[in-house]
S.K.: 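Would you mind keeping the following structure in view while I ask a few things?
The first residue in the sequence is number 1, and the count goes up from there. Values below: every heavy atom of this structure, side chains too, minus hydrogens, waters and symmetry copies.
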Amino acid sequence: MDIHEYQAKEILAGYGVKIAEGGLAYSPEDAVLRAREIGGNVWAVKAQIHSGARGKAGGVKICSTLEEVELAAEAMLGKRMVTHQTGPAGKVCLRLYVEAGTDIAKELYFSFLVDRSHERIVMVGSAQGGMEIEDLAENNPDAIKKIYIDPAVGLLDFQAREMAFALGLDATQISHAVRLISGCYRAVRDLDANMLEINPLVVTKGGELVTLDAKMGFDDNALFRRQKIAELRDKTQEDSREMAAADRGLSYVGLDGDIGCMINGAGLAMATMDMIKLAGGEPANFLDVGGGASPERTEKAFRLVLADEGVKAMLVNIFAGINRCDWIAEGVVHAVRKIDMKIPLIVRLSGTNVEQGRKIIADSGLPIITATTLAEAAEKAVLARNEQVAKEGAA
């Protein structure tokens, strides 16, 4: 789960990390009021969307008058912003963060990430901040410092000092940097965050370290014990299909294809999507219904897949181990009868009680296309999809 910049800064401020004064705005009038409250003669107006590279999309404006603040707010609010991270669909800006201008002397990059391959938390820093870390890693990898932290031991003081020196800070700034780094680590550890990025972390002309932009991401599986973090979720910034699935306890990821998938088990889901692509089709989603595919749960999964109006055919691929194929078949028949499907449905069952499951589908009288192997199911799904597209084109 991602959160907004202003939310991440509020969290970090609670751990002793210095941030610039700012306030939230939902309208141009709010933005002007926030700027008046902050005072000064330079403000940054920032679109609050779950994406980096906002500046390139017009989502960050530096303003020197209240009139400029109002115009910047009008230009951002309600607009769909497209960055390389959002994809072509973009994200709609519904709130702004108005922040006091900062006298910047130097920009740095700093982050904590979970490195699953090393089973460690990795602390990443660079004296070259303010740019995309991916570009920096490709063009100048030597400019990036990585320090791995054993989660059983935690961040050690010498590691924080090592990073502070790697950032090119003066000796007088090292102790301040160590406090900032330690505070960031505690936030990651205490709140089950899997990502914290500060870009840029700036050194002011007065020698202070200030967090100018911040991003945080959290482990969805830990939100049940982090209620205050869960309450920060902004569903307007996330795929509505994925949110509906999460609310129903289903694992769903929306894709760009038009063959809907309902599968049990993440590995089988990945294999099924590969087979669909090998057969010449494109999956519309990743949907893992898990081990308890009751008729009610199956119906919810069907509705989620079919809520995508771009779906032209649907493939159900179930390997029953903990489940039973006859249970799954009953759920599929129940769902199809209740939903009144308008697109082709392909079902492949394998595993426990497979013959009983196939018999239930055959005896249902419903126009369900069956397959015995994954390759056959994928081929039939692509063929049915092509026929459906041709049928709709001729209508």
Side-chain angles (χ1 to χ4, degrees), residues 1-83 85-86 89-104 107 130 187 191 193 196-202 204 208 210-218 226-240 243:
M1 184 193 83
D2 294 329
I3 61 175
H4 289 295
E5 171 196 359
Y6 76 93
Q7 295 168 328
K9 285 182 173 179
E10 288 177 0
I11 290 172
L12 293 178
Y15 284 86
V17 176
K18 185 173 179 57
I19 63 172
E21 185 179 358
L24 197 61
Y26 292 93
S27 68
E29 292 76 17
D30 280 348
V32 171
L33 180 59
R34 297 289 88 79
R36 288 184 187 276
E37 291 173 345
I38 294 166
N41 53 17
V42 178
W43 305 272
V45 179
K46 302 180 178 182
Q48 295 301 286
I49 60 172
H50 288 175
S51 174
R54 293 170 298 168
K56 296 178 182 178
V60 178
K61 297 291 186 183
I62 305 301
C63 305
S64 55
T65 67
L66 295 176
E67 289 75 16
E68 289 180 5
V69 170
E70 184 172 11
L71 289 173
E74 288 177 349
M76 294 180 200
L77 285 169
K79 302 299 189 299
R80 187 174 297 276
M81 297 186 175
V82 178
T83 75
Q85 293 184 13
T86 66
K91 292 184 182 293
V92 177
C93 172
L94 298 176
R95 63 188 83 178
L96 303 171
Y97 189 59
V98 181
E99 189 174 63
T102 303
D103 214 2
I104 301 171
E107 295 187 352
L191 303 175
L196 186 160
E197 182 183 65
I198 301 174
N199 187 27
L201 170 64
V202 302
T204 68
E208 289 187 304
V210 178
T211 295
L212 211 58
D213 192 8
K215 299 183 183 68
M216 291 187 75
F218 299 87
R226 304 289 175 219
Q227 186 61 38
K228 290 184 178 179
I229 298 298
E231 290 171 357
L232 301 178
R233 181 164 233 154
D234 182 357
K235 293 186 178 182
T236 67
Q237 295 293 304
E238 302 184 42
D239 189 308
S240 59
M243 286 298 93

S.K.: From Leu96 CG over to Leu77 CG, what is the distance, rounded to the nearest 0.5 angstrom?
M.R.: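 Rounded to the nearest 0.5 Å, the CG-CG separation comes out at 4.0 Å.
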S.K.: Would you sort out whether Asp234 and Arg95 count as a side-chain contact (heavy atoms from CB on, under 4.5 Å), showing the intermediate values?
M.R.: CA-CA 11 Å; Asp234 182 357; Arg95 63 188 83 178; 3.4 Å; yes
S.K.: Verify the neighbour count for atom NZ of Lys79: are there more than 12 heavy atoms of other residues, nucleotides or ligands below 6.0 Å?
M.R.: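 It does: Lys79 NZ has more than 12 such atoms within range.
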S.K.: Rounded at 0.5 Å granularity, tell me how far CD in Glu208 sits from OG1 in Thr102.
M.R.: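 Reported to 0.5 Å precision, the distance equals 9.5 Å.
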S.K.: For Ala20 and Ala100, work out which heavy atoms get closest and say how close.
M.R.: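 Heavy atoms of Ala20 and Ala100 come nearest at CB-O, 4.1 Å.
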S.K.: Apply side-chain contact (heavy atoms from CB on, under 4.5 Å) to the pair Leu66 and Glu70, showing each step before the final yes or no.
M.R.: CA-CA 6 Å; Leu66 295 176; Glu70 184 172 11; over 6 Å; no
S.K.: Name all residues meeting the salt bridge (Lys or Arg N to Asp or Glu O under 4.0 Å) criterion together with Glu37; count only those two or more places apart in sequence or in a different chain, and write none if there are none.
M.R.: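 Once residues adjacent in sequence are excluded, the partners of Glu37 under the salt bridge (Lys or Arg N to Asp or Glu O under 4.0 Å) criterion are Arg34.
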S.K.: Any chance you could measure Leu12, atom CG, to Met216, atom CE, to the nearest 0.5 Å?
M.R.: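 Going from the CG atom of Leu12 to the CE atom of Met216 covers 5.5 Å.
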S.K.: How long is the gap from CG on Asp213 to CD on Glu197, to the nearest 0.5 Å?
M.R.: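 The distance works out to 8.0 Å.
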S.K.: Please confirm whether the backbone N or O of Glu5 pairs with a side-chain atom of Gln48, one donor and one acceptor, at under 3.5 Å?
M.R.: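 Yes; at least one donor-acceptor contact below 3.5 Å.
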S.K.: Taking atom CG of Leu71 and atom CE of Met76, what is their separation to the nearest 0.5 Å?
M.R.: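 Between atom CG of Leu71 and atom CE of Met76 there are 11.0 Å.
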S.K.: Could you go step by step and tell me if Ile229 and Ile11 meet the side-chain contact (heavy atoms from CB on, under 4.5 Å) rule?
M.R.: CA-CA 10 Å; Ile229 298 298; Ile11 290 172; 3.8 Å; yes
S.K.: For Ala25 and Val98, which heavy atoms make the closest approach, and how far apart are they?
M.R.: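 The pair with the smallest heavy-atom distance is CB-CG2, 4.4 Å.
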S.K.: How about Arg80: does its CZ atom have over 12 heavy atoms from other parts shown lying under 6.0 Å from it?
M.R.: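 Yes - once you tally the heavy atoms of other residues, nucleotides and ligands closer than 6.0 Å, there are more than 12.
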S.K.: Looking only at atom types and distance, does a side-chain atom of Arg54 sit under 3.5 Å from a main-chain N or O of Ala47, one as donor and one as acceptor?
M.R.: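 Judged by distance alone, yes, a pair lies under 3.5 Å.
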S.K.: Tell me if a side-chain donor or acceptor on Lys9 pairs with a main-chain N or O of Leu212 at a distance below 3.5 Å.
M.R.: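 Yes, because the side chain of Lys9 sits within donor-acceptor range (under 3.5 Å) of the backbone of Leu212.
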S.K.: What closest approach, in Å, do Leu201 and Val210 show between heavy atoms, and which atom pair accounts for it?
M.R.: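 Reported closest heavy-atom pair: CD1-O, 3.5 Å.
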S.K.: Identify, with sequence neighbours excluded, every residue that meets side-chain hydrogen bond (donor to acceptor under 3.5 Å, both in side chains) alongside His50.
M.R.: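 In terms of side-chain hydrogen bond (donor to acceptor under 3.5 Å, both in side chains), with neighbours along the sequence ignored, His50 is linked to no residue.
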S.K.: So does Gln85 get a backbone contact from the side chain of Thr83, meaning a donor-acceptor N/O pair under 3.5 Å?
M.R.: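 Checking the backbone N and O of Gln85 against the side chain of Thr83, a donor-acceptor pair under 3.5 Å is found.
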S.K.: For the atom pair CG (Leu232) and CD1 (Ile3), what is the distance rounded to the nearest 0.5 Å?
M.R.: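 CD1 of Ile3 is found 5.5 Å from CG of Leu232.
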S.K.: In terms of side-chain geometry, is the basic nitrogen of Lys61 or Glu68 positioned less than 4.0 Å from the acidic oxygen of its partner?
M.R.: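 Result for this pair is no, no salt bridge flagged.
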S.K.: Between Lys215 and Asp2, is a side-chain contact (heavy atoms from CB on, under 4.5 Å) present by the stated rule, with each step listed?
M.R.: CA-CA 8 Å; Lys215 299 183 183 68; Asp2 294 329; over 6 Å; no
S.K.: Between Tyr26 and Leu24, which heavy-atom pair has the shortest distance, and what is it?
M.R.: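 It is OH-CD2, 3.2 Å.
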